[in-house]
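Letters A, B, ... are given to chains in the order of the sequence lines, protein chains preceding strands, and every chain is numbered from 1.
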There are 2 protein chains.
Amino acid sequence: MEDQEIRNAGLKVTAPRVKILELLENSQQRHVSAEDVYRMLLAADQDIGLATVYRVLTQFEEAGLVEKHHFEDGHSVFELDKGKHHDHIVCVTCGRVKEFVDETIEERQQKIADELGFQISEHDLVIYGKCLDDECDRKG
Amino acid sequence: MEDQEIRNAGLKVTAPRVKILELLENSQQRHVSAEDVYRMLLAADQDIGLATVYRVLTQFEEAGLVEKHHFEDGHSVFELDKGKHHDHIVCVTCGRVKEFVDETIEERQQKIADELGFQISEHDLVIYGKCLDDECDRKG
DNA sequence: CCAATAGATGAGAAGCTTTTGCATTCAATC
DNA sequence: GATTGAATGCAAAAGCTTCTCATCTATTGG
């Protein structure tokens, strides 16, 4: 369970860390901001400070448990690292996020980095667009 | 010259706007932050406030004169829009930025958006890595 | 060329997200 | 159960960016 993941990360098993990890695992949204997590904790009657949420998420990121992404609106979102890399497509109207992986793109990136003399550590491909979802149309 | 570009954008031709546009056109770095612009203005004995720099850059962005990018460190950088789209590869050690365009990637993105039901408005592909430049190695 | 006016500016305050300092509390260890 | 270094909560602080508002200016028409 969560305890072990936390322990493996070299962190003490504390209530905030367990709760936050549970939250991430059970959350409907895969991409949540620190603020989102904080609000969910409040809603679950957990008395955990926002500073702790940031600290814990950062530690989780360092431990490779979660990934941090910077979308356009300025603040960061976190998602559980399920091990497999993927990119994102974000709806500019409703904020919906979908994930995808494209081997061709991955290969081309590698090729480009080679040509330009870079050793890739990571990359972030985000496509912004308008999704053609019914619900979205109503909002836009 | 710059005056006309500014006028075409529907903006009054004022000293701050002309100076900022000149700066962007003559700058060695293609990617500058608002703070960078502000410092360059100070260095050129221009008495222009930071708020104005932000306002002007935002207006230039709306007018399509510059593009705004969000790299990982939180703050935004602006670059003159030379009309042709390109992506970025950023060195995590020395901060160097190179640009590239890859038609295959562009096509695949379009295909992915189609499949997922999105109408692309824009995208941001940033590869992070370590460049193999001599100068960079010394720093890292 | 001057007057009128809508828009632009500068300075500082305010807003947001994120980080930090510090006294208190707690998990791990013996 | 006592010890101890790590973790927490709160409030304060720190970036970056936006806003407020009084002052100033580019544009326009007379």
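Here the side chain of B/S27 pairs no donor or acceptor atom with the backbone of B/L23 at under 3.5 angstrom. Side-chain N or O atoms of A/D36 include one that pairs as donor or acceptor with a backbone N or O of A/S33 at under 3.5 Å.
Pairs of residues two or more places apart, or lying in two chains, that qualify as side-chain hydrogen bond (donor to acceptor under 3.5 Å, both in side chains) and include a residue from residues 5-17 of chain A are A/R17-A/Q59.
A chain of hydrophobic side-chain contacts below 4.5 Å, direct or via other Ile, Leu, Val, Met, Phe, Trp or Tyr residues, connects A/L65 to A/V53. A/L42 and A/V56 fall within a single hydrophobic cluster, where Ile, Leu, Val, Met, Phe, Trp and Tyr are joined by side-chain heavy atoms under 4.5 Å apart, directly or via other members.
Using modelled atom types, one finds a donor on one side chain and an acceptor on the other under 3.5 Å when comparing B/Q109 with B/H123.
Two end axes, each from the C1' atoms of five base pairs, can be drawn for the helix from C/dC1-D/dG30 to C/dC30-D/dG1; they diverge by 30°, to 10 degrees.
Both B/K68 and A/G10 sit near DNA chain D, but only A/G10 has its closest nucleotide nearer the 5' end.
Taking a heavy-atom distance under 4.0 Å as the criterion, the stretch of DNA chain C touched by chain A extends 5' to 3' from C/dT17 to C/dA28.
In plain terms, the two heavy atoms of B/T52 and B/P16 that are nearest each other are CG2-CB, 3.9 Å. Across all their heavy atoms, A/C131 and A/C94 have their closest contact at SG-SG, 3.7 Å. Shortest non-hydrogen contact noted between A/V18 and A/V13 is CG2-CG1, 3.7 Å. Annotation for A/Y54 and A/T58: closest pair O-OG1, 2.8 Å, computed over non-hydrogen atoms.
Annotation: ring pair (Phe, Tyr, Trp, His ring centres under 6.0 Å) contacts of A/H88 (sequence neighbours excluded): A/H31, A/H69, A/F71, A/H86.
Only B/D47, B/I48, B/G49, B/A51, B/T52, B/R55, listed by number, bring a heavy atom of residues 40-62 of chain B to less than 4.0 angstrom from any atom of DNA chain C. Residues of residues 12-38 of chain B that place a heavy atom closer than 4.0 Å to DNA chain C, in numerical order, are B/K12, B/T14, B/P16, B/R17.
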Check the pair A/E107, A/K111 against salt bridge (Lys or Arg N to Asp or Glu O under 4.0 Å), reporting the backbone distance first and the verdict last. CA-CA 6 Å; A/E107 285 161 18; A/K111 186 156 174 298; over 6 Å; no
